[in-house]
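Keep in mind it's a predicted model, so treat the numbers as computed, not measured. Whatever order the structure lists them in is the order used to number ligands and atoms, beginning at 1. In what follows, every heavy atom counts, from backbone to side chain, and hydrogens, waters and symmetry copies are set aside.
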Amino acid sequence: MTDLFAATTDAQPSREQLGEGAVLLRNCVGHDEAALLADLRAIIKAAPFRHLVTPGGHTMSVAMTNCGRVGWVSDSSGYRYDPVDPDSGQTWPSMPPSLRSLAARAAAEGGYKGFTPDACLINRYKPGAKLSLHQDKDELDLGAPIVSVSLGLPATFLFGGLTRNVAQRRYRLTHGDVVVWGGPSRLAYHGVAPLPAGEHAVMGAQRINLTFRKTR
Ligand code: MD3
Ligand code: FE
């Protein structure tokens, strides 16, 4: 990727409870940012973003890649965590310490000490890209939280309930925001509204979201 540059944010960290087990840590990335972005760039070079096809045959507007022991993949046969990148035939890039330590630090701040993710799904949104309402339930260890890190353009995140029909609350997630989703919130329906056009000083015309997961 050519449009990732060095760090910028000095904004103050803050904490907001979104729901039972769900904590929003604004500006949580802090001085790890430059190392994080450099490592992210290397991952994307080794395992470029691609648009996956859902089992229903739709091509996703969000482009994805992964790092870690396994990566989340989708094709016409279904969803799964796979140690092999189907595009390269190689294992996914390993999860660098800059990413792993941010995830563990955020999880601990959210009340989950000893978080050891084995997968990091990396989502890239260009303007217009969205993620439809869904649950994350492909992981065997639903007692572990998911930690999400937002980078680049702001997005509207939709946070619903344990069934599809619960009205969603909307949160604006911006560069450097981290959310820890555990406890009863772990199986909440959620999604991302279509990304508005814009230009972010560090990341350019895109949003990148990292989700750290413990799959087993
Ligand atoms: C709430 N990603 O990759 S991160 C996903 O911004 C995903 O790219 C979104 O949903 C994104 O699956 C949202 C926030 C998130 C992640 C997992 C959750 C929220 C969650 C699991 C349970 C409840
Ligand atoms: Fe999700």
Please find the N/O/S atom of His134 nearest to the Fe ion (ligand 2) and write down its name.
-> NE2
Hey, is ligand 1 close enough to Arg207 that some N/O pair sits below 3.5 Å?
-> yes
Would you please classify the geometry between the Tyr171 ring and the Phe159 ring as parallel, tilted or perpendicular, with 30° and 60° separating the classes?
-> tilted
If we number the atoms of ligand 1 from 1 as shown, the ones under 4.0 Å from a heavy atom of Val192 are 6 (O), 9 (C), 11 (C)
Among all protein heavy atoms, pick the one closest to atom 7 (C) of ligand 1 and tell me residue, atom and distance.
-> Leu131 CD2, 3.4 Å
Judged by atom type as modelled, is there a donor-acceptor pair below 3.5 Å linking the side chain of Asn123 to the main-chain atoms of Ile208?
-> no
Would you say Gln135 contacts ligand 1, with heavy atoms under 4.0 Å as the rule?
-> no
Is the closest side-chain donor-acceptor distance between Thr215 and Asp118 under 3.5 Å?
-> yes
Hey, does Tyr125 sit under 4.0 Å from ligand 1 if you only count heavy atoms?
-> yes
Criterion side chain to side chain contact (heavy atoms under 4.5 Å, CB included) against Tyr125, the qualifying member of Gln206, Lys130, Arg207 = Arg207
Heavy-atom donor-acceptor pair, Arg213 side chain to Trp72 backbone, under 3.5 Å = no
Val166-Leu18 co-clustered via ILVMFWY side chain contacts under 4.5 Å | no
Do Leu210 and Ile43 sit in the same hydrophobic cluster, where Ile, Leu, Val, Met, Phe, Trp and Tyr count as joined when their side-chain heavy atoms come under 4.5 Å apart?
-> yes
Do ligand 1 and Trp181 have nitrogen or oxygen atoms that lie under 3.5 Å from each other?
-> no
Counting distance only, does the side-chain N/O of Trp92 pair as donor-acceptor with the main-chain N or O of Thr65 below 3.5 Å?
-> no
What part of Val179, side chain from CB on, backbone N/CA/C/O, both or neither, has a heavy atom under 4.0 Å from ligand 1?
-> neither
Ligand 1 versus Ser150: contacting region, heavy-atom distance under 4.0 Å = neither
Identify, for atom 21 (C) of ligand 1, the protein heavy atom at the shortest distance, and state residue, atom and that distance.
-> His190 CE1, 3.4 Å
With Tyr112 as partner, the option from Val147, Val180, Val23 fulfilling side chain to side chain contact (heavy atoms under 4.5 Å, CB included) is Val180
Give a yes or no on whether Arg216 atom CZ has more than 12 heavy-atom contacts from other residues, nucleotides or ligands under 6.0 Å away.
-> no
Which of the atoms in ligand 1, numbered in the order shown and given with their element, are less than 4.0 Å from a heavy-atom of Ser185?
-> 22 (C), 23 (C)
N/O donor-acceptor pair under 3.5 Å between Ser185 side chain and Trp181 backbone | no
With the Fe ion (ligand 2) as the point of reference, which N/O/S atom of Asp136 is the closest?
-> OD1
Which segment of Phe157 sits under 4.0 Å of ligand 1 when only heavy atoms are counted = side chain
Any N or O of Arg186 that comes nearer than 3.5 Å to an N or O of ligand 1?
-> no
Please indicate whether any nitrogen or oxygen in Arg213 is less than 3.5 Å from any nitrogen or oxygen in ligand 1.
-> yes
Which of the ligand 1 atoms, numbered from 1, are nearer than 4.0 Å to a heavy atom of Asp136 = 5 (C), 12 (O), 17 (C)
Under-4.0 Å heavy-atom contact with ligand 1, by part of Leu121 that carries it | side chain
Just which atoms of ligand 1 are under 4.0 Å from any heavy atom in Ser148?
-> 4 (S), 14 (C)
